[in-house]
Amino acid sequence: MKHWNPRRSLAVLLAGWCLAACASLPAVDPDKTKEAASAVPVVKSANGELSPARAKALLAKRWSKNTLDLKAQAALEEAATGVPLIAGNQVKLLFDGPVTMAEMMKAIEGAKNHINFETYIFDQDEMGDKFADLLIAKQKSGVTVNIIYDSVGTLMVPQAFFDRMRAAGVHLIAYNPVNPAKVRGNGWKVNNRDHRKMLIVDGKIGFTGGINISDTYSKSSPFRSKSRPRNAKDVGWRDTHVRIEGPAVQAMQWLFIQHWTGQDADDLREADYFPTPVIAGDKLMRVLGSEPGGQYEIYKAMLLAIQESKKSIHITCAYFVPDEQTVQALVDAAKRGVKVRIVLPSVSDSGMVFHAGRAFYDRLLAAGVQIYELKLAVLHAKTMVIDGVWSTVGSANIDRRSFQHNAEVNVIVLGDAFGKEMEAAFRDDVKNSTEVTLTAWRARPLLNRMKEFASKVWDYWL
């Protein structure tokens with residue numbers, strides 16, 4: 001669901017516009033980044049930091065000819081983001097709300113020590129009540145439950161919904177309260193939102209991706225549920241989440257705790273937040289958390305991967321309003337022979353974002369980028385796979401709001417095994433989409449052109 005949904009308060013929207021400063025995203029020059037990059041990136045495991053030789057060998061296993069040199073790419077990312085790679089993880093792709101929510105509830109039910117939950121939207125509806133009831137039950141059983149929810153994402157949710165959880169002992173904070181009277185010491189920052197979706201159970205299992213807690217996500221995309229919608233109200237949502245086990249979960253835990261303390265909240269209740277990590281699989285990954293006005297970690301990593309691509313760039317994105325640097329990187333990649341394909345929405349819950357993104361179609365199509373629009377589902381996934389070996393799943397859209405004004409979380413997974421799963425998912429998206437050709441696009445109605453122009457004027461604030 002988009003950040004400024006029509007259900008949300010117009011007053012908050014206008015306040016966000018007024019407070020936003022039209023700052024530019026940082027320039028990302030791979031040549032300059034290479035100067036700062038070390039020969040071998042840092043790789044951490046359950047047993048501590050790997051030696052340079054072991055790190056190099058681990059990355060070499062995941063590299064193949066005619067794709068990104070993963071050792072070089074990992075070093076570039078580390079130089080740009082300051083975040084190390086983490087080895088020894090298991091990563092499971094989850095598609096759409098029903099499957100993801102079932103996995104999340106199963107993990108919550110199995111919690112023994114604590115649950116840390118962070119979300120943009122937590123609605124009071126059938127699905128929201130199920131989650132609330134389950135979290136309350138775990139708190140009453142002696143499991144510590146901490147929740148961060150965004151105050152704009154939950155603006156229309158009755159306060160009684162959260163008060164019921166508080167009364168049961170659940171520890172909750174509203175991120176950057178809309179009401180300035182409720183702000184505790186860190187200033188009124190209504191334009192900065194928490195768009196992360198993270199669930200961490202016992203410090204051992206982590207979930208992240210694009211899915212919020214709402215009935216909106218309870219219907220799967222038709223090509224995954226194998227059922228066709230009877231009417232527009234039954235259209236499902238296409239989204240992607242991941243379930244993670246292994247040392248990388250501790251990196252997610254740090255992000256949650258940093259966010260909690262950054263809100264000037266009460267201290268977290270005592271729990272075993274950092275149990276001894278164990279090797280859970282063979283996935284090598286990086287956990288990137290970005291903050292409003294921070295270091296743009298997710299943006300830098302994505303842009304560097306696009307700039308260094310050699311074979312293919314496959315993007316599935318819900319809200320695509322790229323900045324000039326990203327557009328140029330995609331154009332440059334297509335011109336040097338990289339097969340650039342992007343799956344975007346054909347319908348959206350945010351009309352202005354939908355048309356603002358379409359304003360870039362002509363330039364991209366003219367450069368050879370292939371654009372597809374997903375049918376029969378509302379696209380909400382935020383994924384990218386490059387050269388079949390560099391993959392990312394998370395909460396960040398390709399727009400300036402995500403990169404500049406939202407707190408986001410994305411995970412990067414290196415290697416062709418996970419890359420093949422990502423490529424298979426992308427092929428399913430393409431199969432269930434309609435390609436937009438340059439000829440057809442240039443013949444579109446004048447009214448559509450006017451909507452694109454008007455929306456693009458406001459793209460910074462979308």
Side-chain angles (χ1 to χ4, degrees), residues 2 4 22 24-25 221-223 232 235 238 299 302-303 305-307 309-386 397-403 423 426-462:
K2 186 58 184 171
W4 303 111
C22 295
S24 298
L25 286 161
S221 47
F223 57 94
V235 171
R238 162 74 182 92
Y299 173 75
M302 284 185 179
L303 195 55
I306 292 170
Q307 290 170 335
S309 61
K310 293 179 173 60
K311 183 177 67 174
S312 61
I313 298 171
H314 294 159
I315 299 171
T316 300
C317 188
Y319 308 112
F320 181 77
V321 191
D323 69 311
E324 171 59 27
Q325 193 171 198
T326 301
V327 173
Q328 190 60 52
L330 291 168
V331 167
D332 290 345
K335 287 183 176 179
R336 67 175 180 265
V338 175
K339 190 169 185 178
V340 183
R341 297 197 291 172
I342 308 175
V343 175
L344 299 173
S346 62
V347 294
S348 175
D349 66 323
S350 180
M352 286 189 73
V353 175
F354 177 69
H355 291 294
R358 284 182 151 202
F360 297 93
Y361 278 20
D362 194 281
R363 183 176 168 192
L364 292 168
L365 289 168
V369 174
Q370 293 177 276
I371 297 175
Y372 303 82
E373 291 186 339
L374 190 71
K375 300 179 293 185
L376 299 174
V378 178
L379 181 60
H380 196 254
K382 307 99 167 48
T383 66
M384 186 185 303
V385 56
I386 292 180
N397 295 296
I398 299 178
D399 61 10
R400 287 189 284 182
R401 167 152 291 282
S402 281
F403 297 135
E423 293 280 23
F426 182 80
R427 285 194 297 273
D428 279 346
D429 289 338
V430 169
K431 182 180 176 182
N432 290 279
S433 299
T434 301
E435 185 171 4
V436 180
T437 65
L438 183 59
T439 301
W441 181 248
R442 288 181 172 172
R444 70 195 185 282
L446 177 61
L447 179 60
N448 287 3
R449 297 170 187 258
M450 293 172 65
K451 289 178 180 178
E452 292 155 21
F453 176 80
S455 298
K456 191 174 184 302
V457 171
W458 298 99
D459 70 1
Y460 176 85
W461 293 277
L462 298 177

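Below, all heavy atoms of this structure are taken into account, side chains as well, without hydrogens, waters or symmetry copies.
If you take CG on Leu25 and CD on Gln325, they are separated by 7.5 Å, rounding to the nearest 0.5 Å. The line from CD of Gln370 to OG1 of Thr437 is 11.0 Å long, rounded to the nearest 0.5 Å. Atoms OG1 and NE2, on Thr383 and His314 in that order, are 11.0 Å from each other to the nearest 0.5 Å. Arg427 contributes atom CZ, which lies 8.5 Å from atom CZ of Arg341 (distance to the nearest 0.5 angstrom). For the atom pair OH (Tyr372) and CD1 (Ile342), the distance works out to 10.5 Å, reported to the nearest 0.5 Å.
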field: Trace of the side chain to side chain contact (heavy atoms under 4.5 Å, CB included) decision for Leu344 with Cys317
entry: CA-CA 6 Å; Leu344 299 173; Cys317 188; 4.1 Å; yes
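Side-chain atoms of Arg363 and Gln328, non-hydrogen and from C-beta on, do get closer than 4.5 Å to each other. No side-chain heavy atom of Val321 sits less than 4.5 Å from a side-chain heavy atom of Arg400. Two residues are said to be in side-chain contact when any heavy atoms from C-beta on lie closer than 4.5 Å; Leu376 and Asn432 fail this criterion. Tyr319 is not listed as a side-chain neighbour of Arg401, based on a closest heavy-atom distance of 4.5 Å or more. A 4.5 Å side-chain heavy-atom check between Met384 and Ile386 finds at least one atom pair inside the cut-off.
Gln307 and Ala329 make their closest contact through CG-CB, 4.1 Å (heavy atoms, listed as atom of the first residue, atom of the second, distance). Taking all atoms of both residues into account, the shortest heavy-atom contact from Ala333 to Ile306 is CB-O, 4.3 Å.
Exactly one of Asp323, Ile315, Val327 qualifies for a side chain to side chain contact (heavy atoms under 4.5 Å, CB included) with Ile398. That residue is Ile315. When each of Leu379, Thr316, Val430 is tested with Leu374 by the rule side chain to side chain contact (heavy atoms under 4.5 Å, CB included), just one qualifies, namely Leu379. Just one residue in the list Ile371, Leu365, Val369 forms a side chain to side chain contact (heavy atoms under 4.5 Å, CB included) with Leu438, and that residue is Leu365.
Ring geometry for Phe360 versus Phe320: interplanar angle over 60°, hence perpendicular rather than tilted (30 to 60°).
Counting only distance, with no hydrogens or angles, the side chain of Ser402 and the backbone of Asn397 share a donor-acceptor pair below 3.5 Å.
Side-chain N/O atoms of Arg336 and Ser309 include a donor and acceptor closer than 3.5 Å.
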